Visitor: 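Take a look at this one; I'll ask things after.
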Number of protein chains: 2
Amino acid sequence: MFEVFFSQVKDKVLISEQEQNLVKTFFSPKKIRKKQYLLQEGDVCKHLAFVEKGLLRSYSVDERGTEHMIHFAWEGWWMADILSFLSAEPSTYFIDAIEESELLLISFQGFEEMLLKVPVMERYFRILFQNNIISKERRLIQSLAYSAEEKYLHLLANNPKLVQKIPQNLIASYLGITPETLSRIKRKIKQ
Amino acid sequence: MFEVFFSQVKDKVLISEQEQNLVKTFFSPKKIRKKQYLLQEGDVCKHLAFVEKGLLRSYSVDERGTEHMIHFAWEGWWMADILSFLSAEPSTYFIDAIEESELLLISFQGFEEMLLKVPVMERYFRILFQNNIISKERRLIQSLAYSAEEKYLHLLANNPKLVQKIPQNLIASYLGITPETLSRIKRKIKQ
DNA sequence: CTTTTTTATTGATATAGGTCAATGCTATTT
DNA sequence: AAATAGCATTGACCTATATCAATAAAAAAG
């Protein structure tokens, strides 16, 4: 159950067997079906979810009813509404499963306790958050600086796995363009 | 010199006098003139900068020569290219001073050493990074979901200090719109 | 204080990408 | 395997915002 999890953690920090056993006690496994919600707008995000298997997405829905993809998470990635999780405020996001998934959940209390009892995990999350900042910053710059076509080409070049795994309409939303525009870009590129 | 700094730190974590004195040893003060660069594209970002006084900006310049504002930092805020700082890769950003500023600089080595020797600072930065993720995520969603006018109204509502302090052309760039468009939006709002 | 440089405003025009609607595909579901 | 629902593609048209250009206003420099 924790194979993917600890291989991820070990990529970033050194962690002993003892620490690993302690860390395990803070998590509980959960299976979630395709299209099932893990979080709905208005609810407080009670857990951080680590994806052992499957595929999740988070998104917000604006006043016009349009969805905006925030994040995709497959094997080895985390998913949550961090703002809601940390502040206990109601979320403005939805999280659901694109594919049937197996998750490891940790509550806010568990998270805080784990970080205090296992300092190496404080370090792990600091590093994780660092990396997250970097990728968000990149995405932001791309959304400001590039045309729809350039954004798609960047994604193809830098995140081919995402393009393979994720349905086109969700990729369009992730890039901040319409599915029609993405379809036209793809046609144009082929020639 | 460290007044603003420790008042910021104390907002987020509990820190003893002893720890404060140790932390101080890792920083060196620096004054920087208006329009002076702290970082230029191609250089490695050698320091995290804490702004005790003044105003900095970071931005990237695309192939067309257009600037894209990434971040503004005034009293109590941090500034760096985190990616370059952490990875020691050449930066793709510029950082310069909008106003004459007083900074506290910490090197990468100093940073790593400080986090190991003063664990409460590891915690401080984890919290700082969390908050950064949240604000980047918000900005990203706004850039995807909202029109130019909506983005400006959001900024006015949620970040009035930024609108007051920062010249209009830089605000336009921060919002991903042209100065002309921002000017027209302002005229429209006035009526 | 005057000159020079930088920034903001305004107008005219162009365009990338959105919206709406129809049709054809691809997956689920029964 | 047939039926149904959800996606992708394509075309016609529209709109928000960019671009270019010319002043006007404000700020910095001498």
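Each chain gets a letter, A, B and so on, in the order the sequences are listed, and its residues count up from 1. Scope of the values below: all heavy atoms of this structure, side chains included, with no hydrogens, waters or symmetry mates. Only a predicted model underlies this, so the values are computations on that prediction, with no experimental measurement involved.
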Visitor: Between P on C:dA8 and OH on B:Tyr152, what's the gap in Å once rounded to a whole number?
Guide: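 Computing the B:Tyr152:OH to C:dA8:P distance gives 11 Å.
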Visitor: What is the distance, to the nearest angstrom, from the CD1 atom on B:Ile177 to the C1' atom on C:dA16?
Guide: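 Atom-to-atom, B:Ile177 to C:dA16, this comes out as 17 Å.
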Visitor: Check this for me: does any side-chain nitrogen of one of A:Arg57 and A:Asp96 sit under 4.0 Å from a carboxylate oxygen of the other?
Guide: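 Answer for the salt bridge query: yes.
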Visitor: Quick one: does NZ or CZ of A:Lys165 land under 6.0 Å from the six-membered ring centre of A:Phe72, within 45 degrees of the ring axis?
Guide: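 No, a cation-pi geometry is absent between A:Lys165 and A:Phe72.
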Visitor: Using whole Å, what does the distance between atom P of nucleotide C:dA27 and atom CD1 of A:Ile98 come to?
Guide: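 Taking CD1 of A:Ile98 and P of C:dA27, I get 16 Å after rounding.
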Visitor: Across the strands shown, which category fits B:Lys34 at heavy-atom distances under 4.0 angstrom: base, sugar-phosphate, nothing?
Guide: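 Sugar-phosphate: the residue B:Lys34, judged by heavy atoms under 4.0 Å, touches backbone atoms but no base.
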Visitor: Donor-acceptor pairs under 3.5 Å, side chain of residues 141-153 of chain B to any protein atom, not counting sequence neighbours: which ones?
Guide:
from, atom 1, to, atom 2, distance (Å)
B:Ser143, OG, A:Ser143, OG, 3.1
B:Ser143, OG, B:Leu140, O, 2.9
B:Ser147, OG, B:Glu150, N, 3.2
B:Ser147, OG, B:Glu150, OE1, 3.2
B:Glu149, OE1, B:Lys188, NZ, 2.7
B:Glu150, OE1, A:Arg64, NH2, 2.9
B:Glu150, OE1, B:Ser147, N, 2.8
B:Glu150, OE2, A:Arg64, NH2, 2.5
B:Lys151, NZ, B:Leu175, O, 3.0

Visitor: With a distance cut-off below 6.0 Å to the six-membered ring centre and an angular limit of 45° from the axis, does A:Arg126 pair with B:Tyr124 as a cation-pi contact?
Guide: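 No, A:Arg126 does not lie over the aromatic ring of B:Tyr124.
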Visitor: Is it true that the side chains of B:Glu41 and B:Tyr59 contain a donor and an acceptor less than 3.5 Å apart?
Guide: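 Looking only at side-chain atoms, B:Tyr59 and B:Glu41 do not form any donor-acceptor pair under 3.5 Å.
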Visitor: Hey, what's the ring geometry for A:Phe85 with A:Phe108, parallel, tilted or perpendicular (30° and 60° as the breaks)?
Guide: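 Rings of A:Phe85 and A:Phe108: perpendicular, as their planes differ by over 60°.
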Visitor: Let me know the distance between CD1 of B:Ile171 and P of C:dA8, rounded to the nearest Å.
Guide: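 My rounded result for the distance is 9 Å.
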Visitor: Restricting to nitrogen or oxygen on both sides, can you table the protein-nucleotides 7-11 of chain D pairs closer than 3.5 Å?
Guide:
from, atom 1, to, atom 2, distance (Å)
D:dA8, OP1, A:Gln168, N, 3.2
D:dA8, OP2, A:Asn169, N, 3.2
D:dT9, OP2, A:Ser183, OG, 3.1
D:dT9, O5', A:Ser183, OG, 3.2
D:dG11, OP2, A:Arg187, NH1, 3.2
D:dG11, N7, A:Arg184, NH2, 2.6
D:dG11, O6, A:Arg184, NH2, 2.9

Visitor: Under 3.5 Å, is there a donor-acceptor pair linking the side chains of B:Glu19 and B:Ser16?
Guide: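 B:Glu19 vs B:Ser16: donor-acceptor pair found between side chains.
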Visitor: Give me the bend of the helix from C:dC1-D:dG30 to C:dT30-D:dA1, using the axes of the five pairs at each end, rounded to 10°.
Guide: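 About 60°, once rounded to a multiple of 10°.
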Visitor: Would you call A:Ile98 and A:Leu56 a side-chain contact if the rule is heavy atoms closer than 4.5 Å?
Guide: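 Side-chain contact under 4.5 Å: no.
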Visitor: Here's a test for you: under ring-ring contact (aromatic ring centres under 6.0 Å, His included), which of A:Trp74, A:Trp77, A:Phe5 qualifies with A:Phe50?
Guide: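 Looking at A:Trp74, A:Trp77, A:Phe5, the match for A:Phe50 under the ring-ring contact (aromatic ring centres under 6.0 Å, His included) is A:Phe5.
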Visitor: Check whether any side-chain nitrogen or oxygen of B:Thr178 sits under 4.0 Å from OP1 or OP2 of D:dT17, and answer yes or no.
Guide: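 No, outside the criterion.
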Visitor: B:Arg33 CZ to D:dA28 P: how many Å, rounded?
Guide: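 So the CZ-P distance, B:Arg33 to D:dA28, works out to 15 Å.
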Visitor: Find the distance A:Leu144:CG to D:dT17:P and express it as a whole number of Å.
Guide: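 Rounding to the nearest Å, CG of A:Leu144 and P of D:dT17 are 14 Å apart.
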Visitor: What's the CD1-P distance between B:Ile185 and C:dT9, to the nearest Å?
Guide: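 Rounded to whole Å, this separation is 12 Å.
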